[in-house]
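Below is one structure, written out as structure tokens; the observations come after it.
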Amino acid sequence: MDADDLAQQINERRLTTLSLADQIGEDRWREPALPGGNSIHDVLAHILAWDEWALAVVELSQLRDTLPETLRQAVTDVDAFNAKAMTRYRGISRDDLLAALQASAPRLLRSAAANAGPEWHLRRITGLAGLPGSRPPQPGEAPKAPSVRGILRSLTAHEATHDQEIMQAFGIEPHLEQFKDEDSGQADS
């Protein structure tokens with residue numbers, strides 16, 4: 001998968017998530033209808049938090065090889081990270097959360113590609129070497145660090161899982177046509 005295909009996959013996934021979320025009205029926004037007793041607000045808050053985590057990892061790793069322990073801990077204690085994200089975003093409105101999600105994926109892609117050349121997605125994040133999700137080393141080999149592509153693909157797959165949960169819980173399907181029309185300036189009034 002090249003960088004353009006990866007970016008398209010990420011953008012399409014986010015449009016799917018936004019299309020689904022847009023169909024859930026304010027009256028059901030905080031209803032604990034998803035697995036684990038989570039609301040759509042909770043799930044989207046932790047998707048946004050993982051975008052922010054990835055942005056921090058990508059940007060800091062462009063400056064130095066070591067990453068702050070808090071970024072590494074997010075990978076080793078996912079449940080704690082998700083709980084913290086849901087608490088942090090509890091007070092944010094539906095519209096503000098959707099706007100933040102709409103902006104975060106393109107921002108993450110721009111940051112990942114900044115100053116990295118056409119092979120930006122292949123860059124290894126050495127500060128995450130040896131953590132869960134990294135490829136296990138071969139005998140006698142040092143732990144391999146995940147690539148930017150690997151991190152982004154993992155987040156996209158994670159988001160797809162939540163999209164499926166949302167579709168099942170609310171009995172809805174994505175309507176991407178409206179977003180494509182809005183992006184091209186052809187939305188019906």
Side-chain angles (χ1 to χ4, degrees), residues 7 9-61 67-112 114 125 127-128 131-133 146 148 150-176 178-179 182-183:
Q9 185 180 54
I10 290 166
N11 287 326
E12 285 177 2
R13 175 53 48 204
R14 186 51 50 90
L15 285 175
T16 299
T17 302
L18 290 169
S19 171
L20 293 169
D22 192 52
Q23 295 177 59
I24 309 302
E26 190 75 43
D27 59 323
R28 297 191 72 194
W29 191 251
R30 296 187 189 259
E31 179 182 308
L34 296 166
N38 292 315
S39 67
I40 189 167
H41 186 279
D42 295 333
V43 169
L44 297 179
H46 97 246
I47 290 172
L48 178 60
W50 282 108
D51 282 359
E52 292 174 345
W53 172 86
L55 182 65
V57 165
V58 164
E59 289 183 350
L60 287 173
S61 67
L67 293 174
E69 191 56 33
T70 188
L71 294 176
R72 294 175 53 82
Q73 284 175 346
V75 178
T76 59
D77 194 351
V78 171
D79 292 337
F81 180 84
N82 289 340
K84 186 176 178 181
M86 288 184 239
T87 299
R88 185 173 72 215
Y89 289 115
R90 186 160 284 134
I92 192 171
S93 73
R94 174 187 181 274
D95 291 342
D96 287 343
L97 182 56
L98 292 176
L101 281 166
Q102 186 172 10
S104 66
R107 181 175 172 220
L108 177 55
L109 286 168
R110 279 191 309 272
S111 182
I125 308 294
L128 296 178
L131 292 177
V148 171
I151 291 169
L152 296 178
R153 287 176 72 186
S154 178
L155 293 180
T156 302
H158 173 248
E159 189 170 337
T161 299
H162 287 305
D163 287 349
Q164 288 297 317
E165 293 169 351
I166 292 166
M167 286 188 272
Q168 290 174 350
F170 293 97
I172 58 177
E173 293 288 325
H175 301 293
L176 300 180
Q178 82 182 54
F179 288 100
E182 288 172 8
D183 286 345

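Note that the numbering runs from 1 along the sequence shown for the chain.
- The two residues Ala105 and Asp51 have their closest heavy-atom pair at N-OD2, 4.1 Å.
- The two residues Leu128 and Ile151 make their nearest non-hydrogen contact at CD1-CD1, 3.8 Å.
- Thr87 places a side-chain N or O within donor-acceptor distance of the main-chain N or O of Ala83, the cut-off being under 3.5 Å.
- Checked by atom type and distance alone, the side chain of Thr156 never pairs as donor or acceptor with a backbone atom of Ile10 at under 3.5 Å.
- The backbone N or O of Asp22 sits less than 3.5 Å from a side-chain atom of Arg94, completing a donor-acceptor pair.
- Looking at residues two or more places apart in sequence or on another chain, you find a side-chain contact (heavy atoms from CB on, under 4.5 Å) between Pro106 and Arg110.
- For the pair Ile40 and Leu20, the minimum side-chain heavy-atom distance is 4.5 Å or more.
- Formation of a donor-acceptor pair under 3.5 Å by the Asn38 side chain with backbone atoms of Pro35 is found in this model.
- Contact of the Met86 side chain with the Ser39 side chain is not registered, since no non-hydrogen atoms from C-beta on lie closer than 4.5 Å.
- In this structure Ser154 satisfies the side-chain hydrogen bond (donor to acceptor under 3.5 Å, both in side chains) test with no other residue, sequence neighbours excluded.
- Between the CD1 atom in Ile125 and the CG atom in Leu60 there is a gap of 10.0 Å [rounded to 0.5 Å].
- Considering only residues two or more places apart in sequence or on other chains, Arg72 meets the salt bridge (charged side-chain N to carboxylate O under 4.0 Å, His left out) condition with Glu69.
- Scanning for side-chain contact (heavy atoms from CB on, under 4.5 Å) contacts around Ala49 gives Phe81, Ala85, Arg88, Tyr89, with sequence neighbours left out.
- In this structure, Ser19 contributes its side chain and Leu15 its backbone to no donor-acceptor pair below 3.5 Å.
- Side-chain contact between Glu59 and Leu108 is absent, with no heavy-atom pair separated by less than 4.5 Å.
- With sequence neighbours left out, the side-chain contact (heavy atoms from CB on, under 4.5 Å) criterion links Thr161 to Glu165.
- Applying the salt bridge (charged side-chain N to carboxylate O under 4.0 Å, His left out) rule to pairs touching residues 30-47 yields Arg28-Glu31, sequence neighbours excluded.
- In this structure, the side-chain hydrogen bond (donor to acceptor under 3.5 Å, both in side chains) partners of Ser61, at least two apart in sequence or on a different chain, are Arg123.
- Between Val75 and Trp50, the shortest heavy-atom contact is N-CH2, 4.4 Å.
- Residues His162 and Leu44 form no side-chain contact, since every pair of their non-hydrogen atoms from C-beta on lies 4.5 Å or further apart.
- Residues passing the salt bridge (charged side-chain N to carboxylate O under 4.0 Å, His left out) test with Glu159 are Arg14, sequence neighbours excluded.
- Under the 4.5 Å side-chain criterion, counting only non-hydrogen atoms from C-beta, Ser104 is in contact with Leu48.
- In this structure Glu26 satisfies the salt bridge (charged side-chain N to carboxylate O under 4.0 Å, His left out) test with no other residue, sequence neighbours excluded.
- For Trp53, there are no side-chain hydrogen bond (donor to acceptor under 3.5 Å, both in side chains) partners two or more places apart in sequence or in a different chain.
- Under the 30°/60° scheme for interplanar angles, the aromatic rings of His158 and His46 are found to be tilted.
- Every residue meeting the side-chain contact (heavy atoms from CB on, under 4.5 Å) condition with Ala112, not counting sequence neighbours, appears here in chain and number order: Val58, Trp120, Val148.
- In this structure, Ile92 and Asp96 approach most closely via the heavy-atom pair CG1-CB, 3.5 Å.
- In this structure, the side chain of Gln164 does not engage the main chain of Ala160 through any donor-acceptor pair within 3.5 Å.
- Between His175 atom NE2 and Thr16 atom OG1 the span is 11.5 Å, to the nearest 0.5 Å.
- Of all non-hydrogen atoms in Ala54 and Leu155, the two that sit nearest each other are CB-CD1, 3.6 Å.
- Shown here are the side-chain hydrogen bond (donor to acceptor under 3.5 Å, both in side chains) partners of Asn11, two or more places apart in sequence or in another chain: there are none.
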